[in-house]
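Values reported hereafter were calculated over all heavy atoms of this structure, with side chains retained and with hydrogens, waters and symmetry mates removed.
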Amino acid sequence: FFFCLSLMLRSATRVIRRSIPVTARLLHTPSRTFSPSIASASLRQLRGPSVFASPCRFISITQNTVVELEYKLHVDGELVESPDKPIVYMHGVKSICKGLEDALEGANPGDKLKVNVEPKDGYGEVNPALNLEVPVTDFPPETHDKLVPGAQFRGKTPAADDTIFTVLARSDDGATVMITGNHALAGKNLDFDLNVVSVRAATEEEVAHGHAHGPGGHHH
């Protein structure tokens with residue numbers, strides 16, 4: 001078992017029932033965080049003035065459109081995500097899970113949808129091979145005090161390369177940590193309440209970069 005020496009550790013901001021840390025996001029496996037609910041281009045909360053100053057009422061969601069979206073996510077009947085502000089993503093570039101992207105294809109500004117995403121079209125089934133107990137000595141010494149429940153880092157195992165792992169627990173003597181490389185929503189049915197706020201055509205630069213720019217999108 002081998003971990004990349006360049007570890008990215010951070011504390012999770014939320015803990016789901018049974019003390020499993022997760023923040024639901026609408027992403028596929030993220031490049032910076034573990035997550036949840038929908039991880040490589042991120043769906044980011046809209047901050048500041050909307051980039052949709054003139055809503056494109058006649059543009060439907062399709063490949064290379066930039067979508068401003070409000071959503072709520074329920075898992076097993078529990079509300080796990082309800083952002084205060086819309087998120088922005090570029091459609092058709094795998095910014096969000098397949099089941100959600102498929103459901104939004106062809107939707108228009110003002111549409112409200114209820115979408116159920118099964119694991120096969122969401123974050124897959126739980127892979128037991130990615131649930132591991134690892135000696136703390138396998139990590140660089142300078143990271144030992146950061147290996148607490150909720151911490152995340154990038155590593156690899158024989159079962160998966162370049163995976164985001166989350167620390168679930170540390171042994172009483174501090175000698176080992178329980179970690180998982182499974183997405184926090186793996187094996188879960190995802191129930192979304194969606195409101196399509198606005199849709200616009202992506203710019204040439206956004207298409208070239210593969211993500212939305214400006215407020216709520218990616219900043220260079």
Side-chain angles (χ1 to χ4, degrees), residues 1-43 71 73-81 94-103 115-141 143-192:
F1 184 90
F2 172 75
F3 287 101
C4 297
L5 293 181
S6 175
L7 300 178
M8 301 188 301
L9 291 142
R10 71 176 183 82
S11 295
T13 57
R14 300 176 55 185
V15 178
I16 280 186
R17 188 176 298 171
R18 296 187 295 276
S19 298
I20 299 178
V22 31
T23 298
R25 308 191 190 291
L26 295 174
L27 301 177
H28 277 298
T29 305
S31 59
R32 295 187 304 117
T33 59
F34 186 61
S35 152
S37 127
I38 325 178
S40 295
S42 309
L43 295 177
Y71 75 94
L73 171 63
H74 287 80
V75 177
D76 298 329
E78 179 182 355
L79 178 65
V80 298
E81 190 80 358
K94 299 182 179 179
S95 292
I96 59 178
C97 64
K98 180 181 183 299
L100 193 62
E101 190 165 72
D102 289 348
V115 178
N116 175 265
V117 178
E118 297 181 356
K120 65 182 179 64
D121 292 322
Y123 299 98
E125 300 293 348
V126 173
N127 181 356
L130 295 179
N131 294 329
L132 306 164
E133 184 172 11
V134 183
V136 170
T137 53
D138 279 8
F139 297 84
T143 68
H144 289 182
D145 63 341
K146 299 178 181 178
L147 293 171
V148 296
Q152 295 180 324
F153 59 91
R154 190 180 300 278
K156 61 182 179 180
T157 74
D161 289 334
D162 194 26
T163 299
I164 299 295
F165 286 86
T166 299
V167 177
L168 299 180
R170 189 159 179 170
S171 62
D172 291 340
D173 60 7
T176 62
V177 289
M178 291 296 301
I179 65 173
T180 182
N182 287 293
H183 192 284
L185 296 177
K188 299 291 186 180
N189 284 300
L190 312 177
D191 292 307
F192 289 100

task = Report the residue from N131, T166, T163 that forms a side-chain hydrogen bond (donor to acceptor under 3.5 Å, both in side chains) with T180.
result = N131

Atom pair [atom1]/[atom2] of [X] and [Y] - distance to nearest 0.5 Å:
X: D102; Y: C97; atom1: CG; atom2: SG; value: 9.0 Å
X: D138; Y: L147; atom1: CG; atom2: CG; value: 10.5 Å
X: D121; Y: L190; atom1: CG; atom2: CG; value: 10.0 Å
X: N189; Y: K120; atom1: CG; atom2: NZ; value: 10.5 Å
X: F139; Y: I179; atom1: CZ; atom2: CD1; value: 5.0 Å
X: N127; Y: N182; atom1: CG; atom2: CG; value: 5.5 Å

Are the side chains of [Y] and [X] in contact, using a 4.5 Å heavy-atom criterion?
X: V177; Y: S171; value: no
X: D162; Y: K156; value: no
X: V167; Y: V148; value: no
X: L168; Y: P149; value: no
X: L79; Y: L73; value: no

What's the shortest heavy-atom distance between [X] and [Y], and which atoms?
X: E125; Y: G187; value: OE1-CA, 3.7 Å
X: K188; Y: D76; value: NZ-OD2, 3.1 Å
X: L132; Y: A129; value: CD2-O, 3.4 Å

request  = Just jot down the side-chain hydrogen bond (donor to acceptor under 3.5 Å, both in side chains) partners of N116, sequence neighbours excluded, or say none.
outcome  = D191

request  = Kindly write out the residues that satisfy side chain to side chain contact (heavy atoms under 4.5 Å, CB included) with E133, not counting sequence neighbours, or none if the list is empty.
outcome  = T176, M178

ask   = Is the F165 ring parallel, tilted or perpendicular to the F153 ring (thresholds 30°, 60°)?
value = parallel

inquiry  = Counting only heavy atoms not in D173 (residues, nucleotides, ligands), do more than 12 fall under 6.0 Å from its CG?
reply    = yes

Side-chain (H144) to main-chain (V136) donor-acceptor, under 3.5 angstrom = yes

